[in-house]
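Below is one structure, written out as structure tokens; the observations come after it.
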Amino acid sequence: MKHIDIVDILAKQYNGQEVVVCGWVRSGRDSKNMAFLSLNDGTTLEHLQVVLDKAAFGDVSAYLRLGTSVKVRGTVVDAVANQGGVEINATEVVVLGECPLDYPLQKKRHTMEYLRTIPQLRLRTNTFNAVFRVRSVLAGSLHAFFQSRHFTYIHTPLITGSDAEGAGEVFRVTTHPFATPYQTEEEYYANDFFGKKAGLSVSGQLEGEVAAMAMGKIYTFGPSFRAEKSNTPRHLAEFWHLEPEVAFAELPDVIELAESMIKYVIADLMAKCPAELAFFEQHFEKGLLDKLHNIVDNEFAVLDYTDAIALLNKAAESGVNFQYPHDWGCDLQTEHERYITEAVYNKPVFVINYPKAIKSFYMKQNADGKTVAATDLLVPGVGEIIGGSEREADLDKLLAAMTERNMKMDAYEDYISLRRFGSCPHGGFGLGFDRLVMYVTGMSNIRDVLLYPRTVGNLR
Ligand code: 4AD
Ligand code: MG
């Protein structure tokens, strides 16, 4: 069906010309001699006004119903009421799909909770139109950033036999029927599709390291899966994960890469999506634009974990009430992360050098024997959006860390062997893409930045 995108009509590329546009009616207004439709086709946040001369069209009621899809032919002219804009004087309107009066989207502001119950329709609201365009532009910018820096895009497998994070949150992949005759776990897995225990990947990192040990600089970008039963506004069972991995790199290089990446994609977003960001500023987060400018213009903070603990202890002494313990060795909880990024720094903070006991087996062990060269990037409002580290490149130290954790070595043969054949300092990180979308839009629930969010107990 040949037609012109509304975004191009509004950009005044067709003034004075006869065009065909298609879209869904976002509002309809009937006056004495004229009727007006605003149309949206998803290519822009803005609606296109279509003007119908009732003398020519007669009964226009079928065109004006919210949610109806139409095809309109007409001439692009300067808008009468909206100075500087354009509108269409229609000569022909065809209803492609009618929409009944009980359409679940009405001309009012619906709650986010209600919109979550109609995922099949919620993208027809301004909010989700803006969210999904931002999401798409950000994804494109991430690719552009890495491609321009000589990174190779690698597709790592989604079905794996290992647990990259060792946190036991792997979804199992099986073809066994509901009831199986097997007596032992070994027998059960040996007879399954792969002849061994298989699961959905929690991270592409382990395979990413394989690629980086040849291609030098790589990134993966795809879904990761975690069977975490955390029912929070920032946890998904299926999330989008961007993971660069760099050979010949140490922790400061990893941090530099992460900071440059965030600044690059936010600057690009401000250039490409000004209308969407203004919308989020107005409806979701006052100060959003200032926040984004500050991210691009200022250095991120770097804070040693040990200093973070001292800072939290001092805060507690001066009366700040934390629910969870914050002694050296404890993992930082959301309340701690928020205190650090929101109350102390009010900007993104890289926390570095965490205790080795609370981090993954693959992280480079620091000379102090207690900490690892890890970093989490914490941001106000969302908390952790990036987790990364320099990797343990020394074979014996890696094996020791795996033994301490009682890991099954045979599932990690390839990973271990990289330390035998030309090992080198290397590192990388994982960006929670959905959390980045939350951060730049001000959306406060991760369920509102994906088409079909998967969370515990929720599979629509
Ligand atoms: O900190 P994580 O667990 O680190 C890794 O998976 C490393 N293998 C990454 C690497 O070094 N290549 O996860 C990385 C990021 C987190 O900071 C968070 O933003 C996001 O992934 N993330 C989630 N996002 C939504 N829902 C979940 N359940 C998430 N789990 C992690
Ligand atoms: Mg993490």
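Computed from heavy atoms alone, side chains included, the values below leave out hydrogens, waters and symmetry copies. Start at 1 and go down the list; that is how both ligands and their atoms are numbered.
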Distance only, no hydrogens: is a donor on one side chain within 3.5 Å (strictly under) of an acceptor on the other, for Ser141 and Asp268? yes

Any donor-acceptor pair under 3.5 Å from Tyr153 side chain to Phe146 backbone: no

Who's the nearest protein heavy-atom neighbour of atom 12 (N) of ligand 1, and how far? Glu243 OE2, 2.8 Å

of all protein heavy atoms, closest to atom 16 (C) of ligand 1 is Glu384 OE2, 3.2 Å

Would you say ligand 1 has an N or O under 3.5 Å from any N or O of Gly432? yes

Distance under 4.0 Å to a non-hydrogen atom of Ile386: what atoms of ligand 1 satisfy this? 17 (O)

Nearest protein heavy atom with distance in Å, relative to atom 26 (N) of ligand 1: Leu236 N, 2.9 Å

Using only heavy-atom distances, determine whether the side chains of Ser224 and Ser203 contain a donor-acceptor pair under 3.5 Å. no

Tell me the protein heavy atom at minimum distance from atom 15 (C) of ligand 1, and give that distance in Å. Gly430 O, 3.5 Å

Interfacing atoms of ligand 1 (cut-off 4.0 Å, heavy-atom, Arg234): 25 (C), 26 (N)

Verify whether one side chain among Tyr362 and Glu165 offers a donor that lies under 3.5 Å from an acceptor in the other. yes

Short N-O contact, Arg149 and Glu256, less than 4.0 angstrom: yes

When you measure from the side chain of Arg435 to the backbone of Glu384, do you find a donor-acceptor pair of N or O atoms at a distance under 3.5 Å? yes

Among all the protein's non-hydrogen atoms, which is closest to atom 30 (N) of ligand 1, and how far away is it? Arg226 NH1, 3.4 Å

Given Ile295, which of Val379, Val440, Ile266, Asp290 fulfils the side chain to side chain contact (heavy atoms under 4.5 Å, CB included) condition? Ile266

among protein heavy atoms, the one nearest atom 7 (C) of ligand 1 is Glu165 OE2, 3.2 Å

Can you tell me if an N/O/S atom from Glu384 lies under 2.8 Å from the Mg ion (ligand 2)? yes

Residue Ser203 vicinity, atoms of ligand 1 by number, heavy atom under 4.0 Å: 6 (O), 8 (N)

Report the nearest protein non-hydrogen atom to atom 18 (C) of ligand 1: residue, atom name, distance rounded to 0.1 Å. Arg435 NH1, 3.4 Å

For Gly387, the ligand 1 atoms with a heavy-atom partner under 4.0 Å come out as 1 (O), 9 (C), 10 (C), 11 (O), 17 (O)

In terms of atom number and element, which parts of ligand 1 are under 4.0 angstrom from non-hydrogen atoms of His235? 26 (N), 28 (N)

Output for pair (Leu312 CG, Ile340 CD1), nearest 0.5 Å, gives 4.5 Å

For ligand 1, indicate whether the residue Phe429 contacts it via side chain, backbone, both or neither (heavy-atom separation under 4.0 Å). backbone

With a 3.5 Å distance limit and no angle check, can you tell me whether Arg460 reaches the backbone of Thr117 through a side-chain donor-acceptor pair? yes

So for Leu377 against ligand 1, with non-hydrogen atoms under 4.0 Å, the contacting part is neither

Could you find the nearest protein heavy atom to atom 11 (O) of ligand 1 and give me its residue, atom name and distance? Arg391 NH2, 2.9 Å

Within ligand 1, which atoms have a heavy atom of Ile385 less than 4.0 Å away? 17 (O), 19 (O)

Yes or no: does Ala164 have any heavy atom under 4.0 Å from an atom of ligand 1? no

Relative to the heavy atoms of Glu228, which atoms of ligand 1 are at a distance of less than 4.0 Å? 27 (C), 28 (N), 30 (N)

Just checking, is any N or O donor in the side chain of Tyr415 or Glu209 under 3.5 Å from an acceptor N or O on the other one? yes

Could you walk me through whether Asp376 and Lys359 satisfy the salt bridge (Lys or Arg N to Asp or Glu O under 4.0 Å) test, starting with their C-alpha distance in whole Å, then the side-chain angles of each, then the deciding distance to 0.1 Å, before giving a yes or no? CA-CA 11 Å; Asp376 280 1; Lys359 288 291 183 186; 3.2 Å; yes

Establish, yes or no, whether a centroid distance under 6.0 Å links the rings of Phe361 and Tyr412. yes

Could you tell me if the ring centre of His241 sits under 6.0 Å from that of Phe239? yes

Using a 4.0 Å cutoff against the non-hydrogen atoms of Tyr362, which atoms of ligand 1 qualify? 7 (C), 8 (N)

